[in-house]
A.B. asks: 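Let me begin by handing over the structure; questions about it come next.
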Amino acid sequence: MDKRYEHKIKEPEVLKKWADAEAFKADIDSGKKPYTIILPPPNASGKMHVGNALMIAIEDLLIRWKRMKGYEALWVPGTDHAGFESQTTFERELKKQGKSRFDYDRDTFYKMMMEFVLNNKNLIEEQFKSMGASVDWSRYTFTLEERSINTVISTFEKMVKDGLIYRSDYVVNYSFKYGTTFSDAEIVMKERTDPLYYIKYGPLTVATVRPETKLGDTALAVNPADLRYKDYIGKEISFDDVTGKNKLKVIGDSYVDPAFGTGVLKVTPAHDKNDYEIGIRHGLEVKQVIGIDGKMTSLAGKYEGMKVLDARKQVVEDLEKMGVMEKIDTTYVHPVPVDYRSEDYIEQLVLPNWFIKVDSLKKAGLEAVQKGHVKIFPKWQEITYTRWMENMRDWAISRQIVWGIRVPAWYSVDENPNLFVTFIKGGKAVSGKVSHLLSKYELGEISSGLQSLFAPNKAKYVVQKDSPGAGFLPETDTFDTWFSSGQWPLITLGYPDSRDYKHFYPTDVLETGWEIITRWVSRMIMFGIYLTGKPPFKEVYLHGRVMALDGKKMSKSLGNVINPEEYQTEFGTDALRMGLISGTANGKDFAFPKDKVLAYRNFSNKIWNMVRFLFLLAEEENLSSEEMKSYRPGDSEKDSTDLEMYDDFKELVKSVDKSLSKYRFSDAGDAIYHYMWDKLASTYIEDVKSRENPELKKVGLKNLSYLLINCLKVLHPFMPFVTETIWGEFLEKGLVEKPLLAKTEWPGV
RNA sequence: GGGCUUGUAGCUCAGUUGGUCAGAGCGUUCGGUUUACAUCCGAAAGGUCCCUGGUUCGAGCCCAGGCAGGCCCACCA
């Protein structure tokens, strides 16, 4: 054996052993009880970050432990297409070539994206392999492969049949730049200084930062408790507007804050979420003055066709000319919604979208947790889950992006003359109402060059995967990524009729970061119960977030991102894994100092040298392999220390089992670390090596060998590489039988 | 504004139902290498367990209030 444990040489050797033996392929027919984890799928075109590394370390620990405990352990890998994120990455690439997605029709763009992702997918898979993840690669799934798409589509079809799907106008976060909606989760508020305009509406004055939306006003609102305006409620006021004479009703709504501005609010349901809700409460008309192209619509009268900001300028100018601009506060600071990635401004628009009615689903999802069918660790995260579920509103599942699973709906052009389509013809985009376009173009041309389609809210549609025939155009929206990943346990296991599904569903534990409990965990529980009657997992373990060395959240802009690969290279994968594990006690966020990784690199080397020394001494004492191998503790100890070490080992195994079953990984790892280092290395080896009596020394060595072999087993789930490597050394000496430690049974005590 | 969460040695953190619970790793200081490992061994220094009250025979641990962080959700036009 070498003087040091060289992880750079040994790790690839170990990986090859496992791969050659197909060690982690789960066998349905083994007769063993299944234990299943579905890997939260990382972005297929991304690369491994330290959060992924933590996830692998924890899940691999659980899986290896259960596998050794005699379960048929299945860990299913996969990758996610990460709709919006991947598409924007790809579009950045396109931009470098002077292209954009507006240069391509939908199908061509999708194919290009697929090629791009398939080319990049390899990277993260290789990185996961290098971490020693004992996943079953034969069951690997990608969210955009045929099988996934079919499952997602049939779920959608079932939901349509069950009356859970509807199309509706809704105020969505819309980016003109990216031409798509964003979920609320993708929006952040950013402070900005904007002029606050005080505009006269007859006798009343309204403060607003968006005067151009006044064209879409359908009421004025005041707080019913506000004595200043009490008498106006229910009355209609007339005033001169930029588009001529106008009238608006005054309504009372407690949403209005009397202390802000003048205490009078202009209500623009089409362009503000809160206004939209006020509109619903009071039955107001929705008047859309900003179009999907970012320009004013025909409802904006003379401002039609102007871009939003130009219209704003013009409206302000006109208001000033009319003398109804009371004042302008230029120091007003307020939060505006922006895309959290690019910080581009987000417009609120009313658009037709596909929705899921969540009432029945969320009720079942809530019950599953409240009744303990799904247990969440740490327990306090249940509150997050419960609150989110209780407040969950209908879920808008459509996205105006290409990279995803297309909503399987089709529109008849005869029945829907108002479909607004954009298609590529001879390299150029042509847009318009389909009824107009058909006078100039063939439907086939439109269909094959189709880029996007907007169907009015009341459009008639047919739901099915393939085209119903000539005369139909497809929906171009795709599903929200969470719609497909919410079905991930079902997709990966081949719901509804595969053997895997029948054998391994429901899975045992879902392990993921707490920040997606709302977006992902809740959806999986809902879909699982909806489709199968059972939640997809029995327990949820939520790990904390790995923070940077400075204790702050890692971000590219702060430059404090920890690259797990660097630690892997410098200290070894085992050290990285153990370093991450030893900070996860309560599922809290934790800083990740390099010291920890270093400490476990030293530990790897320590174990290596303990074994090396054992072999050296055994040779000196002429101990035969047979003699060592046949030894069992209790056979022939003369020295109480020998038995004491064995008793301590038994205690160790019990405490490790207990800690792991409670997801207390750090406790378990620490216990092994201290047993091996403090007891076996620092105390016991020193004792044995100084024994004068050769018989006692031999017994000590045999006992030591036995204990080390068994320690390797207990440590294996934590530090699979160094333990498997050393196992190979024991195997070579004929001291153990099983070729792979990973497939060895856990010590029975 | 609503909610969750944290405050223990220089740093990163354990401390599970209140009773050897004042700990670990790293760092610091001192001392060690004739049979493993300097990625080592031994030893030491270092804490008002955020503050103030309370419950208790007894409190990092329970309760109340405060101070200071972190995060999530919602956002006043």
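Just so it is clear, the model here is predicted, and its values are computed rather than measured.
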A.B. asks: Taking only residues two or more places apart in sequence or in another chain, which ones pass salt bridge (charged side-chain N to carboxylate O under 4.0 Å, His left out) with A:Glu651?
C.D. replies: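 Listed in chain order: A:Lys654.
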A.B. asks: Does the separation of the ring centres of A:Tyr663 and A:Tyr541 fall below 6.0 angstrom?
C.D. replies: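 They qualify: ring centres under 6.0 Å apart.
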A.B. asks: By salt bridge (charged side-chain N to carboxylate O under 4.0 Å, His left out), which residues pair with A:Lys379, not counting sequence neighbours?
C.D. replies: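 Once residues adjacent in sequence are excluded, the partners of A:Lys379 under the salt bridge (charged side-chain N to carboxylate O under 4.0 Å, His left out) criterion are A:Glu382.
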A.B. asks: Could you list the residues that satisfy salt bridge (charged side-chain N to carboxylate O under 4.0 Å, His left out) with A:Glu326, not counting sequence neighbours?
C.D. replies: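 Listed in chain order: nothing, the list is empty.
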A.B. asks: Syn or anti for B:G60? Use the chi torsion, O4'-C1'-N9-C4 for purines and O4'-C1'-N1-C2 for pyrimidines, with syn inside 90° of 0.
C.D. replies: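 Syn, angle within 90° of zero.
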A.B. asks: Scan the side chains in residues 613-624 of chain A for donor-acceptor partners under 3.5 Å anywhere in the protein, sequence neighbours excluded, and list what turns up.
C.D. replies:
{"from": "A:Ser624", "atom 1": "OG", "to": "A:Glu627", "atom 2": "N", "distance (Å)": "3.1"}

A.B. asks: What's the closest nucleotide to the A:Asn609 side chain, out of B:C40, B:C37, B:A77?
C.D. replies: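 Looking only at heavy atoms from C-beta outward on A:Asn609, the closest nucleotide is B:C37.
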A.B. asks: A:Lys662 near the nucleic acid: base, sugar-phosphate alone, or nothing, with a heavy-atom cut-off under 4.0 Å?
C.D. replies: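 Answer is base: heavy atoms of A:Lys662 come under 4.0 Å of a base.
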A.B. asks: What is the base-pairing partner of B:G42, counting Watson-Crick and G-U wobble geometry with both distances under 3.5 Å?
C.D. replies: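 B:G42 is paired with B:C30.
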A.B. asks: Within the structure, does a side-chain N or O atom of A:Tyr673 lie under 4.0 Å from either OP1 or OP2 of B:G25?
C.D. replies: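 Looking at the OP1 and OP2 atoms of B:G25, neither is under 4.0 Å from any side-chain N or O of A:Tyr673.
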A.B. asks: Tell me the interatomic distance from A:Arg210, atom CZ, to B:A77, atom C1', rounded to whole angstroms.
C.D. replies: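 The distance from CZ of A:Arg210 to C1' of B:A77 comes to 11 Å, rounded to the nearest Å.
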A.B. asks: Categorize A:Met1 for me: base, sugar-phosphate, or nothing, with a 4.0 angstrom heavy-atom threshold over every strand shown.
C.D. replies: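 If one applies the 4.0 Å heavy-atom cut-off, A:Met1 turns out to touch nothing in the nucleic acid.
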A.B. asks: With distance as the sole test, does A:Ser604 use its side chain to make a donor-acceptor pair with the main-chain N or O of A:Tyr600 at under 3.5 Å?
C.D. replies: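 Indeed, once roles are kept as given, a pair shorter than 3.5 Å links the two residues.
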A.B. asks: Please classify the nucleic acid contact of A:Val209 as base, sugar-phosphate, or nothing, using heavy-atom distances under 4.0 Å.
C.D. replies: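 Sugar-phosphate contact only - A:Val209 comes under 4.0 Å of backbone atoms but never of a base.
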A.B. asks: State which residues pass salt bridge (charged side-chain N to carboxylate O under 4.0 Å, His left out) with A:Arg281; sequence neighbours excluded, sorted by chain then number.
C.D. replies: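 A:Asp253.
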A.B. asks: Base, sugar-phosphate, or nothing: which does A:Ala207 touch, judged by heavy atoms less than 4.0 Å apart?
C.D. replies: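 Contact class for A:Ala207: base.
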A.B. asks: Quick one: which of B:C71, B:U35, B:G15 gets closest to the side chain of A:Arg664?
C.D. replies: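 The listed nucleotide nearest to A:Arg664's side chain is B:G15.
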A.B. asks: The side chain of A:Arg4 lies closest to which of these nucleotides: B:U39, B:G42, B:C76?
C.D. replies: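 Shortest atom-to-atom distance from the side chain points to B:U39.
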A.B. asks: Using a cut-off of strictly less than 4.0 Å between a heavy atom of the residue and any atom of RNA chain B, enumerate the qualifying residues of residues 721-733 of chain A by number.
C.D. replies: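 The answer is none.
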A.B. asks: Of the listed nucleotides (B:A77, B:G15, B:U39), which one gets closest to any side-chain atom of A:Phe260?
C.D. replies: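 Of B:A77, B:G15, B:U39, B:A77 is nearest to the side chain of A:Phe260.
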A.B. asks: Does OP1 or OP2 of B:C41 have a side-chain N or O of A:Trp677 closer than 4.0 Å?
C.D. replies: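 Yes.
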